[in-house]
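For reference, the structure discussed in these notes is given below.
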Protein chains: 2
Amino acid sequence: MPSNSKIKFDRSQALKAAMMVFWKKGYGGASLSDLTEAMGINKPSMYATFGNKEVLFVKATEHYVESVDLVHRQQLLAVESDLPTRLKAYLSSVISGQCCENTPKGCYISLCVSEAEGECIPQTAVAKIKEVSQFAYQALVDVFTHDEEAKQRNLHVDAQLHARFLITFLSGTAAMARAGTGQEALLPLVTQAMKGIGL
Amino acid sequence: MPSNSKIKFDRSQALKAAMMVFWKKGYGGASLSDLTEAMGINKPSMYATFGNKEVLFVKATEHYVESVDLVHRQQLLAVESDLPTRLKAYLSSVISGQCCENTPKGCYISLCVSEAEGECIPQTAVAKIKEVSQFAYQALVDVFTHDEEAKQRNLHVDAQLHARFLITFLSGTAAMARAGTGQEALLPLVTQAMKGIGL
DNA sequence: CTTCAACTTTACCGATCGGTACAAAGTAAA
DNA sequence: TTTACTTTGTACCGATCGGTAAAGTTGAAG
């Protein structure tokens with residue numbers, strides 16, 4: 001009976017490496033050479049394992065959402081804190097991630113959404129990136145709509161407006177971080193953004 | 001004596017067309033075929049007129065600053081209006097430009113700054129885009145620092161913070177517009193952004 | 001040690017990239 | 001019309017793109 005575990009390289013580590021390359025260079029800017037070199041494998045191995053560049057990008061995008069994006073959003077649900085604290089923690093967490101030294105600057109999703117409008121990316125990749133780009137907005141809308149404290153503060157009446165403002169703010173910090181602005185300059189902006197929604 | 005005007009195509013119109021392509025696809029995404037097709041000329045003519053893709057990009061970027069970016073900034077200097085009105089007019093003008101139907105969505109500069117971090121763009125092109133990306137921030141810092149009304153409102157004490165917040169906001173609307181959000185959804189955010197700096 | 005299957009490496013595919021040589025086509029002066 | 005010159009279109013350059021066939025390497029079962 002042949003054992004089914006003959007993998008010579010760590011698949012999830014390779015996926016993480018691919019995610020880093022896409023995060024830094026975008027879809028079009030990441031060549032197969034860039035990707036396979038970072039993953040520590042060569043092209044036929046990549047093809048056998050993931051299919052092609054397009055599905056590799058989809059897998060890398062899902063990995064980003066689960067391993068990076070999701071962590072920040074959990075700050076919104078910390079039951080022991082009041083709403084302003086949770087929102088501030090969420091915004092600060094995202095910004096810190098955008099400025100982290102161990103990862104490319106900015107936001108993987110923002111970068112690829114931007115690139116997607118240039119019509120240089122395959123269909124399924126565009127669909128995936130557009131899908132995940134809604135998650136953060138939807139999470140904020142849910143908070144403003146259903147959270148008890150949010151209702152008390154009357155934030156549920158313009159839930160979409162408030163969510164859109166914060167997402168716009170975070171898209172802005174992503175662009176600023178990508179351009180080189182550090183978190184010591186971006187974190188103070190959180191207070192101003194909170195003022196924008198009346199908190 | 002040979003006349004020096006033998007140009008068979010409109011140079012500035014070709015530059016504008018090139019600007020549109022870079023605006024939509026970025027530097028790396030815009031192939032010479034894309035560019036020359038939009039410009040209505042072929043590759044040798046482009047090479048003879050502008051040099052190469054890199055200097056074409058620099059010229060196109062300068063054209064963007066002069067023909068698009070500068071117009072918005074002039075809203076800041078309208079002497080007949082008070083400061084909040086001028087700032088609101090500036091922010092709204094930029095956002096309308098980001099959502100304009102006749103041009104690519106988003107901001108040419110934001111897009112290319114984002115791309116520049118991927119190390120897929122030549123040096124001089126990166127230098128130019130980083131240079132012009134400072135103009136808007138500097139204009140806002142100048143207003144908050146030197147405008148009489150700004151001083152009366154005590155906005156000059158944290159001039160850089162306020163400028164950075166508004167630039168972050170506009171970078172955010174650029175990303176949102178690029179992703180497809182319309183100006184009917186983005187213009188209402190201006191009021192919230194003004195609240196962020198206490199206006 | 002042999003055998004066989006899975007994995008990795010090398011080498012290559014057609015297409016396209018940015019950039020260019022060269023000759024046909026067009027224009028103005030003589 | 002001839003001549004001198006510039007602009008244009010064609011056709012091509014080496015390099016790299018995403019993707020793949022086939023040979024070479026590895027390791028465990030028999």
Side-chain angles (χ1 to χ4, degrees), chain A residues 1-15 17-18 21-22 24-61 112 115-116 118-126 128, chain B residues 1-15 17-18 21-22 24-61 112 115-116 118-126 128:
Chain A
M1 185 188 295
S3 98
N4 54 355
S5 63
K6 287 239 186 140
I7 37 174
K8 293 303 188 319
F9 62 91
D10 186 338
R11 188 196 137 107
S12 83
Q13 180 179 342
L15 195 57
V21 176
F22 283 128
K24 178 166 193 180
K25 305 204 169 197
Y27 183 88
S31 70
L32 276 196
S33 304
D34 294 330
L35 290 163
T36 53
E37 185 180 347
M39 298 164 83
I41 62 181
N42 30 35
K43 283 187 277 184
S45 295
M46 193 286 279
Y47 179 80
T49 308
F50 297 101
N52 58 26
K53 185 184 178 182
E54 193 172 349
V55 317
L56 174 63
F57 175 79
V58 172
K59 303 277 188 193
T61 302
C112 295
E115 201 182 359
E119 299 174 358
C120 300
I121 305 189
Q123 275 298 324
T124 68
V126 171
K128 171 55 75 175
Chain B
M1 188 187 295
S3 99
N4 54 354
S5 62
K6 289 234 186 144
I7 37 174
K8 293 303 186 323
F9 62 91
D10 185 337
R11 189 196 136 105
S12 82
Q13 181 180 341
L15 196 56
V21 177
F22 284 128
K24 179 166 193 181
K25 305 205 168 195
Y27 182 90
S31 71
L32 277 196
S33 305
D34 294 330
L35 290 163
T36 53
E37 183 181 348
M39 297 164 83
I41 61 180
N42 32 33
K43 284 188 276 185
S45 296
M46 192 287 279
Y47 179 81
T49 308
F50 297 100
N52 57 27
K53 185 184 179 183
E54 192 171 348
V55 316
L56 174 64
F57 175 78
V58 171
K59 304 276 188 194
T61 303
C112 296
E115 201 181 0
E119 299 173 357
C120 301
I121 305 188
Q123 276 298 322
T124 69
V126 172
K128 170 57 75 176

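Below, each value reflects all heavy atoms present in this structure, side chains not excepted, and no hydrogens, waters or symmetry copies. Letters A, B, ... mirror the listed sequences (proteins, then strands); counts begin at 1.
- Between B/Ile41 atom CD1 and D/dT8 atom P there is a gap of 8 Å when expressed in whole angstrom units.
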*Could you go through the side chain to side chain contact (heavy atoms under 4.5 Å, CB included) check for A/Met46 and A/Leu56 one step at a time?*
CA-CA 8 Å; A/Met46 193 286 279; A/Leu56 174 63; 4.0 Å; yes
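- For B/Glu54, the side chain to side chain donor-acceptor pair (under 3.5 Å) test picks out B/Thr124, with sequence neighbours left out.
- Distance alone, capped at 3.5 Å, is enough to place a donor-acceptor pair between the A/Lys53 side chain and the A/Tyr27 backbone.
- With sequence neighbours excluded, the residues forming a salt bridge (Lys or Arg N to Asp or Glu O under 4.0 Å) with B/Lys25 are B/Asp34, listed by chain and number.
- Residues passing the side-chain contact (heavy atoms from CB on, under 4.5 Å) test with B/Ser33, sequence neighbours excluded: B/Ser31.
- Annotation: side chain to side chain donor-acceptor pair (under 3.5 Å) contacts of A/Asn52 (sequence neighbours excluded): none.
- Partners of B/Lys24 by side-chain contact (heavy atoms from CB on, under 4.5 Å), not counting sequence neighbours, listed by chain and number: A/Glu119, B/Pro104.
- Applying the side chain to side chain donor-acceptor pair (under 3.5 Å) criterion to B/Thr36, with sequence neighbours excluded, gives no partner residue.
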*asked:* Return a single string for nucleotides 14-19 of chain C, one symbol per nucleotide in 5' to 3' order, where B is base contact, S is sugar-phosphate-only contact and - is none, cutoff 4.0 angstrom on heavy atoms.
replied: ---SSB
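- Taking five base pairs at each end of the helix from C/dC1-D/dG30 to C/dA30-D/dT1 and finding the rotation axis that steps the C1' atoms of four pairs onto the next four gives two axes whose angle is 10°, to the nearest 10°.
- For A/Asn42 and C/dT9, the shortest distance from a side-chain N or O to OP1 or OP2 is below 4.0 Å.
- Atom CZ in A/Arg11 sits about 18 Å away from atom P in C/dA6, given to the nearest Å.
- Contact check, A/Ser45 against C/dC7: no side-chain N or O comes under 4.0 Å of OP1 or OP2.
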